[in-house]
Novice: 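Here you go, one structure.
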Amino acid sequence: MRLKLFTLLTASLMLFSGCGENTKEDKSKEVKTSSTPEKTYTLTLASTWAEQVPFLGPAPLTLAQTVEKMSNGRLKIKVDSPNKHKAPFGVMDMVKEGQYDLAYTASYYYKGKDYKLVFFTTVPFGMLLSEQYAWYNYGGGKELAAKVYGEHGLISYPMGSTGMQMGGWFKKEIKSLDDLKGLKFRIPGQGGEVMAKLGVNAVNTPPGELYTSLERNTIDAVEWISPVFDFAMGFHKLANYYYTGWQEPASEIQLLANKKKIDALPADLRAILESAIKSVGSQLMDQATHANAEAWANIAREYPNVKVQQFPADVMAALKKAAREIEDEQAAKDPVFKEILESQRAYLAKVRPWTLMGEYGYLKQLEQ
């Protein structure tokens with residue numbers, strides 16, 4: 001009996017001793033695993049805008065800080081401004097060719113390479129920002145964007161907007177279509193093409209020369225962006241008539257990414273990057289709305305000579321007609337352009353009645 005009891009006690013001690021050794025071994029493995037450094041990833045980004053440009057300049061830096069914090073240092077973004085890469089309107093090509101992994105820019109700058117890209121920034125008489133985001137996220141826009149950018153080996157992420165753009169600064173009031181004929185007007189992109197159809201001499205003067213060109217009458221009028229950007233350029237000191245916009249109602253900015261580089265990231269880091277892009281883009285839109293309101297309040301007080309104008313009805317009708325002709329011409333050349341055009345027109349026909357009934361209806365009531 002004593003022998004059996006001894007045997008059982010010995011076996012129990014061996015069993016507990018064995019468990020203790022395994023536990024120590026498991027803990028050792030856990031410590032070893034937790035102390036192993038996680039792999040980090042670095043993406044390079046080329047921006048179209050210098051750091052001193054309001055909102056647009058600092059946005060990529062904010063993205064880099066946000067991504068690094070959210071990923072606990074596993075994902076980093078190295079940002080180069082135009083002073084470094086020297087090609088503000090060449091960043092899309094640099095990402096396509098693998099010189100950079102990301103680019104912060106506006107797609108319509110590259111319409112000379114692929115006219116379809118204009119749809120993902122803005123088009124004359126197109127959707128408002130809220131309408132365009134709804135189309136992009138829920139109306140098929142995201143799928144069409146993937147189709148277009150995929151041809152270039154890119155992924156596009158919407159990353160903020162400067163909102164509705166103004167129609168430009170004019171030294172003389174525009175009372176009719178005749179006042180546009182021969183006018184030397186700095187207006188780039190599709191807006192310039194539309195104006196050219198009405199007899200305007202549309203030019204694309206570099207930003208650094210705009211004030212001097214307007215001052216020396218090299219140009220008669222200039223279109224830039226919106227109050228906070230325009231007043232920093234000083235146009236209000238040279239031209240009294242500030243016209244409301246039609247040519248860029250949404251002005252969406254994109255983060256373009258090399259698809260192979262993004263596909264190589266772990267799934268959680270891709271999700272972190274996408275979440276950070278949305279966060280920074282939303283912040284930029286809030287900043288732009290606030291700053292435009294403050295800038296206009298200051299200029300209205302300090303420069304009462306500035307008059308906000310709307311183009312006459314006959315001018316607007318002619319602009320709309322010219323814009324539609326340009327779009328139809330492009331659609332006849334490119335079936336994918338036609339597909340996106342029809343998608344946007346159909347969605348606009350659906351969403352605009354609600355915009356008019358909702359937001360515009362509310363604002364209209366306040367005027368009564």
Novice: Is K147 salt-bridged to E339, cutoff N-O under 4.0 Å?
Specialist: yes
Novice: Between T48 and T105, does a side-chain hydrogen bond (donor to acceptor under 3.5 Å, both in side chains) hold up when you go through it step by step?
Specialist: CA-CA 5 Å; T48 287; T105 190; 2.7 Å; yes
Novice: Do the side-chain N and O atoms of K171 and N217 include a donor-acceptor pair separated by under 3.5 angstrom?
Specialist: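 The answer is yes; a qualifying pair exists.
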Novice: Of the options F185, Y241, Y242, F235, which is the one that meets F170 in a ring-ring contact (aromatic ring centres under 6.0 Å, His included)?
Specialist: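 Exactly one pass, corresponding to F185.
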Novice: For M166, is there any backbone N or O sitting under 3.5 Å from a side-chain donor or acceptor partner on Q247?
Specialist: yes
Novice: Would you please say whether a donor-acceptor pair under 3.5 Å links the side chains of Q132 and T122?
Specialist: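 No, no side-chain donor-acceptor pair sits under 3.5 Å.
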Novice: Going by the angle between their ring planes, with limits at 30° and 60°, are F231 and H236 parallel, tilted or perpendicular?
Specialist: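 Taking H236 first and then F231, their aromatic rings stand perpendicular (interplane angle over 60°).
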Novice: Evaluate salt bridge (Lys or Arg N to Asp or Glu O under 4.0 Å) for E302 paired with K237, printing each intermediate quantity in order.
Specialist: CA-CA 11 Å; E302 296 172 17; K237 300 173 184 176; over 6 Å; no
Novice: List the steps and the verdict of salt bridge (Lys or Arg N to Asp or Glu O under 4.0 Å) for R74 and E68.
Specialist: CA-CA 7 Å; R74 290 173 57 220; E68 186 166 358; over 6 Å; no
Novice: Considering only heavy atoms from C-beta outward, does the side chain of Q344 approach that of W135 to under 4.5 Å?
Specialist: yes
Novice: Between E367 and K364, does any NZ, NE, NH1 or NH2 come within less than 4.0 Å of an OD or OE carboxylate oxygen?
Specialist: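 Yes, K364 and E367 are salt-bridged.
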Novice: Does the ring centre of F120 sit less than 6.0 Å away from the ring centre of Y136?
Specialist: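 No: the rings miss the under 6.0 Å criterion.
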Novice: Are any of the side-chain nitrogens in D334 or K116 under 4.0 Å away from the carboxylate oxygens of its partner?
Specialist: yes
Novice: Roughly how far, to the nearest 0.5 Å, is the CG atom of L177 from the CZ atom of F311?
Specialist: 11.0 Å
Novice: Using distance alone, with no hydrogens and no angle criterion, decide if Q165 and S226 have a side-chain donor and acceptor under 3.5 Å apart.
Specialist: no
Novice: I'd like to know if the side chain of D80 reaches the main chain of H85, judged simply by a donor and an acceptor atom lying under 3.5 Å from each other, with no hydrogens or angles considered.
Specialist: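 Not confirmed, D80 side chain does not pair with H85 backbone.
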Novice: Aromatic contact between Y211 and W224, with the criterion being ring centroids under 6.0 Å apart: yes or no?
Specialist: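 No; W224 has its ring centre 6.0 Å or more from that of Y211.
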Novice: On the 0 to 90° scale, with breaks at 30° and 60°, tag the F229-F55 ring pair as parallel, tilted or perpendicular.
Specialist: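 Because their plane-to-plane angle is over 60°, the rings of F229 and F55 count as perpendicular.
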Novice: Are there more than 12 heavy atoms of other residues, nucleotides or ligands under 6.0 Å from atom OH of Y360?
Specialist: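 At most 12 heavy atoms, drawn from other residues, nucleotides or ligands, come within 6.0 Å of this atom.
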Novice: Is the W49-Y104 ring centre distance short of 6.0 angstrom?
Specialist: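 Yes, close enough.
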Novice: Can you tell me which residue among E325, R324, Q330 is in a side chain to side chain contact (heavy atoms under 4.5 Å, CB included) with D328?
Specialist: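 When E325, R324, Q330 are each tested with D328, the side chain to side chain contact (heavy atoms under 4.5 Å, CB included) holds only for R324.
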Novice: The criterion is side-chain hydrogen bond (donor to acceptor under 3.5 Å, both in side chains); which residues satisfy it with K259, sequence neighbours excluded?
Specialist: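 Per chain and number, K259 pairs via side-chain hydrogen bond (donor to acceptor under 3.5 Å, both in side chains) with D263.
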Novice: If only atom types and distance count, is the side chain of R186 paired as donor or acceptor with the main-chain N or O of E223 below 3.5 Å?
Specialist: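 Checking the backbone N and O of E223 against the side chain of R186, a donor-acceptor pair under 3.5 Å is found.
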Novice: Give a yes or no on whether a salt bridge exists between K333 and E327, defined as a side-chain N under 4.0 angstrom from a carboxylate O.
Specialist: no
